[in-house]
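Hydrogens, waters and symmetry mates play no part in the numbers below; they use all other heavy atoms, side chains included.
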Amino acid sequence: MSPEAHSAPRSLAEALRARDDASLAALLRSRPDLITPVPTDLTQLATRAGTRASVLRALERLDRFALQTAEALAVAPDPASYDTLLGLMAGDAGDETVAGALPRAVACLREQALVWGGDDRLRLVRTARELLAPSPQHPSPTGLGPTVQEATSGMSPGRIQEIVTAAGLPSTHDSVSAVTALTALFTHRKKMAKLLAGAPEAAREVLTRLVWGPPYGQVTADPAAHLRWLLDRGLLLPTTPGTVVLPREVALHLREGRAHRTPEPLPPAVTPAAAHSSQVVDATAAGQAYTALATVEELLKDWDEGGPAVLRAGGLSVRDLKRTAVALDVSEPVAAFWVELAYAAGLIASDGEADERYAATPAYDEWLEQPPAERWARLAQAWLAATRTPGLVGGRDAKDRTLSALGPGLDRSAAPEVRHRVLSLLAALPQGAAPDAESVLARLRWERPLRGAQRDGDDDLRSRLARWALSEAELLGVTGRGALSAHGRALLGAPAATPAAGSGSAEAGSAESAGPGDKLPVHHHRAADRLVPLPAAEQAVATAAAARLLAPLLPEPLDHVLLQADLTAVAPGPLRRPLADMLGVLADVESKGGATVYRFTPASVRRALDAGRTAADLHAFLAEHSRTPVPQPLAYLIDDVARRHGHLRVGAASAYVRCDDDTLLNEILADRRAAALRLRRLAPTVLAAQTDPATLLEGLRAMGYAPAAESAEGDVLITRAHAHRTPPRTAPEPVPDGPPPPDATLLSAAIRAIRAGDLAATTPRKPVGEPLAGGELPRTSSAETLATMQAAVLTGDSVWIGYVNADGAASQRVIAPVRVEGGFVTAYDHTADEVRTFPLHRITGVAELADD
């Protein structure tokens with residue numbers, strides 16, 4: 001094929017055929033739906049690339065300027081030259097910034113297989129043109145209407161001649177030439193300026209109102225004089241009774257050639273709102289990371305014996321979410337975030353029992369044993385990849401049902417990409433710089449304008465996801481004071497040092513230095529500029545690096561507290577786990593913050609005694625872990641509760657109370673508060689009750705006594721908290737946003753298979769009987785097939801066959817037969833690039849390849 005033929009492809013398939021492997025790989029990487037399943041040849045790849053679903057997905061992933069370029073091509077002649085496209089984008093005056101950025105946009109559209117052809121014949125794929133071209137049902141974002149030819153398609157020839165004459169043009173013999181002459185007039189700048197110079201002022205005002213769209217207007221059956229002037233000259237053309245439209249050529253003249261009112265060739269810069277030192281940012285983020293760990297631990301400890309019940313439709317009830325928010329001392333939206341984060345990390349799940357409840361998973365116990373930095377890294381990685389969106393909790397779904405935490409309907413496939421992109425934009429700022437939130441949202445809208453247009457409430461979903469990402473990153477300790485921390489930067493896979501310049505400068509520079517025909521890369525390779533999350537293997541490495549950076553910033557756990565005379569203990573920092581667990585049983589948390597305050601009460605001391613501790617154990621524990629002497633009031637409290645603890649014994653008869661001190665039993669019987677227990681004396685030291693032992697225990701404790709439960713053998717029962725765990729559970733899988741990007745191995749194999757299949761489909765062949773229609777398999781008799789195969793074995797030539805596999809799928813293949821025997825042919829299959837054996841009865845026909 002000549003170089004000229006290569007430069008002027010006649011179809012998208014030919015344009016793809018002219019690409020090298022690297023260009024095909026870029027296409028399949030950016031549009032992974034094209035490779036699922038792998039196309040048999042380049043013609044099938046081109047067909048798939050032109051389907052409506054695939055084109056819509058590709059358009060959704062264009063930035064604003066590339067989309068504006070595609071929209072301009074949709075209203076340009078088909079095909080259009082690069083100069084024509086440049087005129088539509090930059091206008092008659094020529095915008096240098098637009099002209100400098102246009103090559104990048106065209107290269108992007110070419111790489112995405114949305115545009116094909118050389119610079120002299122640019123063609124937008126037909127499906128994209130149908131989606132973006134203006135129509136009465138689907139107005140174009142350009143605000144342009146139909147062309148003169150489209151608007152006059154149903155007009156009578158006599159009326160067209162009247163318009164031509166009124167516009168000052170000579171009459172023609174047919175409507176086609178008349179429409180051509182009128183179009184030429186409207187696209188001639190000087191002649192149009194002369195025509196409009198004679199328009200009434202009111203007529204020019206009408207054109208001004210319609211010029212930027214929508215281009216349609218209403219007129220009465222007897223229009224005013226200024227409207228009649230426009231209608232007579234074709235500057236307004238009727239579409240339906242009472243409706244007129246401004247022709248595209250007239251609007252472009254009034255716009256000075258521009259298809260868009262405001263082209264946006266460069267992404268808006270993300271501007272800093274505040275600047276902090278990197279040390280302050282890292283310290284603040286590390287403190288918040290520690291708080292995040294403490295909050296998740298507190299949440300799981302609260303659910304340790306079995307958490308809230310699972311709603312019938314799934315998820316937490318509003319009441320349970322409120323109760324959780326109170327327990328964590330946070331707002332309900334923040335509580336929903338922590339619950340969803342623990343769920344995404346696989347730390348909580350439903351237990352699957354008949355009375356289904358949420359509880360910690362076995363993975364939670366493993367998580368507790370890890371170092372703090374690694375525990376944080378697991379939470380951060382789960383957050384970064386999760387498609388579940390806690391910000392939606394409390395909203396309504398499409399069926400007007402309330403969305404609940406841990407319930408269905410919270411997955412948004414765009415969430416991981418938005419989170420990653422928000423952090424990437426923060427990484428592109430100088431270290432310690434906190435961004436202006438609105439500038440981040442403006443940048444995201446520029447990068448994905450069509451996706452941002454998909455509404456999910458009052459604001460577009462992508463903007464809401466970005467706002468939530470900023471607040472959640474701060475809660476989790478990925479950012480500190482709004483700026484990305486060092487461990488947050490490592491989590492993203494970004495380099496430790498970033499340029500101080502605003503993001504987008506590299507793109508602008510590359511666009512300015514490119515020519516119209518250059519193919520520029522549109523994928524960002526710097527970690528801070530990635531538009532998609534890292535692959536799983538790279539993310540695991542980045543997460544480990546983040547944990548290493550965070551570890552020295554987290555506070556070291558303490559092995560001591562400060563006891564005070566007011567029956568409180570102050571923990572000046574995080575406590576080691578055994579100390580924290582024991583103190584959580586012996587005292588109640590009164591306040592949290594930089595230091596945690598615990599309060600000792602009779603009930604909390606009794607709780608420790610019920611767990612099997614003796615008074616001596618408690619005294620020794622406090623003396624060992626207190627930096628201050630044990631206050632006398634606390635020692636008295638422990639001894640007083642211990643003296644009364646277990647003096648009364650409650651067992652199962654129905655239930656009974658026994659005590660060696662009959663005076664104490666008399667006191668209980670005389671107390672009116674014991675009436676509900678319905679006690680009666682069986683012996684001087686035994687009372688019987690008509691309630692169960694648990695109710696009896698609670699009743700006596702409410703009266704101020706300290707009874708102890710006993711077994712059937714008379715031994716004191718030690719009650720410890722029962723840690724309820726679910727069966728082993730896996731973390732919820734994120735909902736994918738379309739097919740996953742193919743890895744290098746799959747890309748290489750797919751391209752090799754497509755090339756081989758294309759070779760089989762396009763290799764010249766000697767004619768076999770009647771000429772074959774395009775794509776039809778060759779047809780030969782069994783005898784002819786066998787003879788041709790045997791001849792090919794002797795000569796070593798390759799042949800073209802039609803083959804139907806066991807599933808009935810037909811394909812074309814180029815093979816080099818090696819052996820024919822027993823009803824099978826063994827051959828090297830050029831299509832699959834391997835030696836295979838084919839049953840002869842499944843070969844529909846065979847043809848020799850042409851000599852050229």
Side-chain angles (χ1 to χ4, degrees), residues 1 11-14 16-17 19 21 24 28 33-51 739 742 745-852:
M1 187 177 291
S11 65
L12 177 58
E14 286 192 9
L16 294 178
R17 200 164 284 124
R19 291 190 178 196
D21 287 355
L24 279 181
L28 298 177
D33 57 296
L34 300 182
I35 204 174
T36 311
V38 176
T40 57
D41 54 39
L42 288 168
T43 300
Q44 189 179 95
L45 177 62
T47 302
R48 193 177 295 174
T51 59
T745 304
L746 176 58
L747 274 179
S748 177
I751 291 172
R752 187 168 60 251
I754 293 171
R755 293 281 193 202
D758 201 57
L759 173 66
T762 59
T763 300
R765 309 173 270 276
K766 292 180 180 179
V768 182
E770 297 294 326
L772 298 176
E776 187 178 343
L777 299 180
R779 299 287 179 181
T780 56
S781 66
S782 300
E784 290 174 324
T785 299
L786 180 60
T788 305
M789 290 292 185
Q790 290 173 337
V793 171
L794 295 175
T795 60
D797 292 337
S798 296
V799 294
W800 174 61
I801 66 170
Y803 181 72
V804 179
N805 65 14
D807 297 327
S811 61
Q812 306 174 54
R813 298 174 180 272
V814 174
I815 65 172
V818 177
R819 182 173 61 254
V820 180
E821 61 182 9
F824 293 88
V825 55
T826 302
Y828 175 74
D829 185 357
H830 291 278
T831 306
D833 195 21
E834 63 183 4
V835 175
R836 299 183 61 181
T837 300
F838 301 91
L840 282 171
H841 71 275
R842 294 195 177 277
I843 298 176
T844 64
V846 61
E848 298 178 16
L849 301 182
D851 294 336
D852 57 354

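Distance check, rounded to the nearest 0.5 Å: OG1 of Thr40 to CZ of Arg813 gives 10.0 Å. In this structure, OG1 in Thr826 is found 11.0 Å from CE in Met789, a value given to the nearest 0.5 Å. Atom CZ of Phe824 and atom CZ of Arg836 lie 13.0 Å apart (nearest 0.5 Å).
Closest non-hydrogen pair, Tyr803 versus Thr844, comes out as N-OG1, 4.4 Å. The heavy-atom pair separating Pro817 from Ala827 by the smallest distance is CA-CB, 3.5 Å.
Leu16 is listed as a side-chain neighbour of Leu45, based on a closest heavy-atom distance under 4.5 Å. Between Val825 and Thr785, the closest side-chain pair of non-hydrogen atoms is not below 4.5 Å. Considering only heavy atoms from C-beta on, Ile815 comes within 4.5 Å of Ile801 through its side chain. Side-chain atoms of Gln790 and Leu786, non-hydrogen and from C-beta on, do get closer than 4.5 Å to each other.
Counting only distance, with no hydrogens or angles, the side chain of Asp41 and the backbone of Thr43 share a donor-acceptor pair below 3.5 Å. With hydrogens and angles ignored, the 3.5 Å screen pairs a side-chain donor or acceptor of Thr51 with a backbone N or O of Arg48.
Among residues two or more places apart in sequence or in another chain, the side-chain contact (heavy atoms from CB on, under 4.5 Å) test is passed with Ser11 by Ala13, Glu14. Applying the side-chain contact (heavy atoms from CB on, under 4.5 Å) rule to Ala816 yields the partners Ser798, Tyr828, His830; only residues at least two apart in sequence or on another chain are considered. By the side-chain contact (heavy atoms from CB on, under 4.5 Å) test, Ser782 is found to be paired with no residue, residues two or more places apart in sequence or in another chain being considered. Not counting sequence neighbours, the partners of Leu747 by the side-chain contact (heavy atoms from CB on, under 4.5 Å) test are Ala25, Leu28, Arg29, Ile35, Pro742. For the side chain to side chain donor-acceptor pair (under 3.5 Å) test, residues two or more places apart in sequence or in another chain that qualify with Asp21 are Arg755. Shown here are the side chain to side chain donor-acceptor pair (under 3.5 Å) partners of Arg819, two or more places apart in sequence or in another chain: Glu821.
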